[in-house]
Amino acid sequence: METEFIPIDYGSFDFDGKNYIEIFGKDTGGRRICVIDDFEPYLWAILKDKLSDKEVKKVLDYVNAISLHEKGRETKVEKSEIHNKKFLGKDVKAIKIYATNYKDLHSIADKLGIPGIEKRRGYDLGLITSYILGKKLYPFVSYKISGEVLSGSPEFGGIDSIIGTDFVIKLGKKEEVKKDGKFSPKVLAYDIETDSLKPENGEILMISLYGKGFRKVISWKGKSSKESYVEFVKDEKELLSRFAEEVKNFSPDFFVGYNSDNFDMPFIKSRAKILKLPLPMGVDLSEPQISRGVSGRAKITGITHIDIFRFIKTAYSQYMQSESLSLNEVSKEFLGESKKDFELKHSSKIKDWNRYFEYNLHDSFLTFSLFEKFWPDLLEFSKIIREPVFEISRNGLSKQIESYILHNLDNFNEIPEKRPNDSEIESRRRSATVEGAFVYEPKPGLYEDLAMFDFTSMHTSIIISHNISKETLTDSNKGSVASPEIKVGGKERVFYFSKKGGFFPEMLREIFEKRKKFKEEYKKDPSPITKARSNAFKVLSASAHGYIGFFGARYYSWEASSTILAFVRKYNIETIKKIEKAGYEVIYGDTDSVAFTMGKSSKKDIKGLLEKLNSELPGVMHMELEDFFKRGIWVTTRSGETGAKKKYAMIDEEGKIKIRGFETVRRDWCDIARKTQDHILKLILRDGNEEEALKFFLQVVERLKSREIKKEEIIIKSQIKKPIEEYKSVTPHVVAAIKMKERKMPFDLFTPIEYYIAESLTRSKLIRDKVKLKDEPGDYDVEYYLKNQIIPSAENIFQVFGINVKEVADGKKQENLKKWF
DNA sequence: GGATACCCTTTACC
DNA sequence: ACGGGTAAAGGGTATCC
């Protein structure tokens with residue numbers, strides 16, 4: 001049989017002691033196909049320098065004779081080849097050693113500790129990554145494939161009769177089809193509603209499913225309701241088996257949940273186990289697998305299970321406006337749509353089941369829509385990084401860039417570096433921390449007519465321009481770039497990086513160039529796909545420095561990371577000096593930016609200055625004009641002695657306000673303090689009118705004193721970030737969390753803790769003794785909100801104008817007030 | 001018993 | 001383990017006299 005085939009998901013199985021890969025995908029007719037391919041696992045033995053031919057022969061003879069009998073498997077070295085390769089940029093001779101079974105690569109590597117062999121590499125890549133690397137059968141690339149259709153065949157123990165795809169094909173030949181194959185995935189989203197957050201304490205009440213032309217809620221509750229999309233079953237057990245059947249019948253390419261790796265799928269699995277119900281959801285009738293780890297991963301063979309929450313979290317949360325990553329907030333931001341209004345209660349207290357069903361279905365609809373929204377991004381990431389979407393949707397940024405590197409090493413003839421082992425990770429973590437960026441101490445005040453410059457992709461452009469990486473680090477000061485001086489154990493040191501070679505900076509340059517190219521392409525032809533492509537390269541490019549300094553990275557380097565940061569400090573400080581030398585007053589700078597007052601200069605002058613500064617930068621380094629600003633305000637710290645860093649507000653010429661670090665943007669301050677400060681900043685920046693701002697502030701103080709502030713505006717929100725018992729200090733938010741637990745409220749790590757400080761009869765001075773939960777009745781403590789919320793939010797701003805709001809709010813110094821009214 | 005330095009904790013910036 | 005150093009700030013706690 002011959003057909004066109006697009007790989008989507010990858011799995012593996014063992015037969016007769018050998019590994020086989022099953023690739024699930026589709027042909028042009030939309031038929032689901034499972035392609036089975038064999039796999040030749042291998043590793044590298046890098047030979048010691050300058051071995052004689054005789055010595056090499058001796059090593060080869062030793063290697064070829066290796067055979068193992070382990071875990072009921074027999075494995076041996078199937079064949080070996082000598083190659084001229086590179087390792088960390090140096091020329092090496094290496095033996096490519098093929099083994100019978102991937103799982104034995106480690107054991108074979110253990111046997112290679114002999115004198116002629118310098119290093120062992122390539123045995124820790126992951127089975128699927130290793131397969132894709134070796135056979136170059138990439139996800140979402142179109143292939144013309146031919147092979148034998150297995151139908152009732154005894155091959156692989158009759159596997160085709162178990163696998164429920166339209167065809168099972170044993171791969172013969174494959175050939176890439178050069179075209180941008182259109183592929184629209186079949187998607188099914190799901191969501192469960194339960195009586196508890198823990199499967200041992202509560203049942204699943206309903207499960208909703210949403211796909212194109214398909215919507216369904218399966219439930220065993222509220223049977224009197226009549227909704228056409230609701231299917232009633234007799235109990236939870238039947239609910240689960242109907243759910244598994246419906247998913248199988250729909251046969252989605254992607255089965256999508258929101259936080260489903262850590263909630264829905266483990267919950268479903270646990271309940272099925274408690275009810276002793278098998279859940280053969282995989283195309284091979286296997287059960288969903290949940291891998292252990294800090295964050296579990298739920299996998300179903302042949303159906304790619306995606307937890308879209310995880311992808312949004314890693315790839316997008318840094319660019320998001322919303323204050324939490326809840327389905328509601330994320331949907332509002334990306335879809336412009338909210339969850340249905342419904343107050344979640346224990347099932348015994350539910351009256352309107354119809355609304356609950358509707359709510360549940362809508363959550364699946366939102367999850368479905370979020371997948372559609374991010375599908376171009378998942379697709380582009382997968383095509384660029386060359387890893388399956390299952391991985392792409394869950395991996396952190398460091399893992400993504402590492403995967404990109406691994407799949408591109410062949411272009412440099414490089415042997416992959418190994419993953420650090422536990423002791424290596426431990427020692428990296430113990431090693432001195434890398435000194436970070438420089439922050440300029442601002443001079444507090446209100447300033448007019450400012451300009452701000454910033455470096456584009458500063459860390460990345462430094463790596464490329466100075467050729468900094470693990471493999472370019474050298475002892476020689478000839479033909480190399482010296483780092484600025486770096487403090488190591490109290491002494492100043494300089495590191496050298498060779499000017500030539502270095503696959504990492506070179507690879508990064510390609511990413512950097514492609515980022516530019518695809519950004520242009522997007523501007524010319526804006527579409528979700530061009531946007532996603534441009535964004536994928538942006539994310540990869542921006543993650544490079546974080547990767548080098550990440551202790552789990554294969555290409556980690558303390559020296560490289562320190563050098564990059566030292567250059568970051570150097571260039572920022574130099575820029576500040578140059579701008580001052582040109583006659584401008586620098587107000588602020590953080591890492592890669594500098595803000596300064598324009599004085600009497602024109603915009604043209606400023607752009608001229610920028611051009612001059614750029615002409616003096618090396619390589620691909622570049623600065624751009626962030627914007628011109630009409631006004632900007634910087635304040636002192638609370639102690640009042642120095643200018644506060646990372647805290648400022650500016651207004652541009654269109655009246656758009658940029659607020660950084662102020663309480664306004666901090667989620668752990670109550671709304672009334674945040675809104676009051678926000679408005680004060682607006683009045684001051686827009687019109688430069690601090691009198692109006694003060695009037696407004698006093699109005700809020702009055703409203704507060706006469707208890708006119710609404711309850712929701714005084715709620716303080718905070719998160720619990722570790723198990724309650726581990727807290728050494730008992731803060732208000734910890735007390736609130738304990739209260740929630742006592743009341744058996746749904747509560748987990750990262751659930752927002754919402755409380756307020758109430759008037760109380762206790763004589764305690766501790767704030768935690770006045771904590772009440774959001775729904776507890778009570779009056780707010782006027783003094784607390786005045787002294788600890790409203791006044792602090794305004795104090796340092798008015799101080800810039802010589803106004804002491806503490807005294808004003810207390811009603812003291814009336815005579816001074818007359819000056820303002 | 002009160003002042004204060006210090007520690008713990010959360011969140012933001014880049 | 002999945003980015004991490006720099007920074008602000010509140011609130012509790014230890015320590016001093």
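Just so it is clear: chains get the letters A, B, ... in the order the sequence lines come, proteins before strands, and each one is counted from 1.
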Using OP1 and OP2 only, check whether a side-chain N or O of A/Lys722 sits under 4.0 Å from B/dT9. yes
Taking the side chain of A/Asp668 as heavy atoms from C-beta outward, which of C/dA7, B/dT11, B/dC14 is closest to it? B/dT11
Looking only at side-chain atoms of A/Thr591, point me to the closest of B/dA12, B/dC14, B/dT9. B/dC14
From OH of A/Tyr555 across to P of C/dG3 the rounded distance in Å is 20 Å
Tell me whether the OP1 or OP2 atom of C/dT13 has a side-chain N or O from A/Arg768 closer than 4.0 Å. yes
Residue pair A/Asn328 / A/Ser326, side-chain donor-acceptor N/O under 3.5 Å: no
Is it true that the side chains of A/Tyr780 and A/Glu759 contain a donor and an acceptor less than 3.5 Å apart? no
Over all strands shown, is A/Phe438 touching base, sugar-phosphate only, or nothing at heavy-atom distances under 4.0 angstrom? nothing
Whole-Å distance between C/dC2 P and A/Lys313 NZ? 10 Å
Over all strands shown, is A/Ile425 touching base, sugar-phosphate only, or nothing at heavy-atom distances under 4.0 angstrom? nothing
Can a side chain N or O of A/Tyr556 be found less than 4.0 Å away from OP1 or OP2 on C/dC2? no
Under 4.0 Å, heavy atoms only, any strand: does A/Gly661 hit a base, just the sugar-phosphate, or nothing? sugar-phosphate
Options C/dA8, C/dG11, C/dG5, nucleotide nearest the side-chain atoms of A/Thr433: C/dG5
Evaluate the criterion ring-ring contact (aromatic ring centres under 6.0 Å, His included) for residue pair A/Phe381 and A/Phe311; output intermediate values, then yes/no. CA-CA 11 Å; A/Phe381 265 79; A/Phe311 182 65; 5.7 Å; yes
Which nucleotide in the list C/dG11, B/dT9, B/dC13 gets nearest to the side chain of A/Arg660? B/dC13
Can you tell me how far P in B/dT9 sits from the matching atom in C/dG3, rounded to whole Å? 22 Å
Under 4.0 Å between a Lys/Arg side-chain N and an Asp/Glu carboxylate O for A/Lys787 and A/Glu783? yes
Scan side-chain atoms only and decide if A/Thr460 and A/His545 contain a donor-acceptor pair under the 3.5 Å cut-off. no
Separation of C/dG10 atom P from A/Lys770 atom NZ, nearest Å, is 16 Å
Tell me the interatomic distance from A/Lys721, atom NZ, to B/dA12, atom C1', rounded to whole angstroms. 11 Å
Reckon A/Lys646 has a side-chain N or O less than 4.0 Å from the OP1 or OP2 of B/dC13? no
Distance, rounded to the nearest Å, where A/Ile797 contributes CD1 and C/dA9 contributes P: 11 Å
Between A/Leu397 (CG) and C/dG3 (P), how many Å, whole number? 6 Å
According to a strict under-4.0 Å criterion, is A/Tyr588 in side-chain N/O contact with OP1 or OP2 of B/dC13? no
How is A/Val734 classified with respect to the nucleic acid when contacts are heavy atoms under 4.0 Å: base, sugar-phosphate, or nothing? nothing
Check whether any side-chain heavy atom of A/Glu624 sits under 4.5 Å from a side-chain heavy atom of A/Phe453, and report yes or no. no
Could you please name the option among C/dA7, B/dT10, C/dA1 that lies closest to any side-chain atom of A/Lys645? C/dA7
When you compare the side chain of A/Val620 with that of A/Ser461, does any pair of heavy atoms fall below 4.5 Å? yes
Would you work out how much the helix from B/dG1-C/dC17 to B/dC14-C/dG4 bends between its ends, with each end axis defined by five base pairs, to 10 degrees? 10°
Is A/Tyr547 close enough to C/dG4 that one of its side-chain N or O atoms is under 4.0 Å from OP1 or OP2 there? no
Taking atom C1' of C/dA8 as reference, at what distance in whole Å does atom CG of A/Asp590 sit? 13 Å
Any side-chain N or O of A/His545 less than 4.0 Å from the OP1 or OP2 oxygen of C/dG3? no
Please say whether more than 12 non-hydrogen atoms of neighbouring residues, nucleotides or ligands are located less than 6.0 Å from CD in A/Glu574. yes
Taking C-beta and beyond as the side chain, do A/Arg428 and A/Pro420 meet within less than 4.5 Å on heavy atoms? yes
Side chain of A/Ser729, heavy atoms from C-beta onward: which of B/dT10, C/dT13, C/dT6 has the nearest atom to it? C/dT13
So A/Asn788, base contact, sugar-phosphate only, or nothing? Heavy-atom distance under 4.0 Å. sugar-phosphate
Apply the test side-chain contact (heavy atoms from CB on, under 4.5 Å) to residues A/Tyr588 and A/Val594: give CA-CA distance (whole Å), side-chain angles for both, the deciding distance (0.1 Å), then the verdict. CA-CA 6 Å; A/Tyr588 185 61; A/Val594 184; over 6 Å; no
At under 4.0 Å, does any side-chain N or O of A/Lys765 touch on OP1 or OP2 of C/dG11? no
DNA chain C nearest-nucleotide lookup for A/Gly552 and A/Gly436: closer to the 5′ end is A/Gly552
Which of these nucleotides, C/dG3, C/dT6, B/dC13, is closest to any side-chain atom of A/Ser398? C/dG3
What's the closest nucleotide to the side chain of A/Arg638 if the choices are B/dC13, B/dT9, C/dG10? C/dG10
A/Phe455 near the nucleic acid: base, sugar-phosphate alone, or nothing, with a heavy-atom cut-off under 4.0 Å? nothing
Rounded to whole Å, please give me the gap between CZ in A/Phe551 and P in C/dG3. 9 Å
Heavy-atom donor-acceptor pair, A/Arg666 side-chain to B/dT10 base, under 3.5 Å: yes
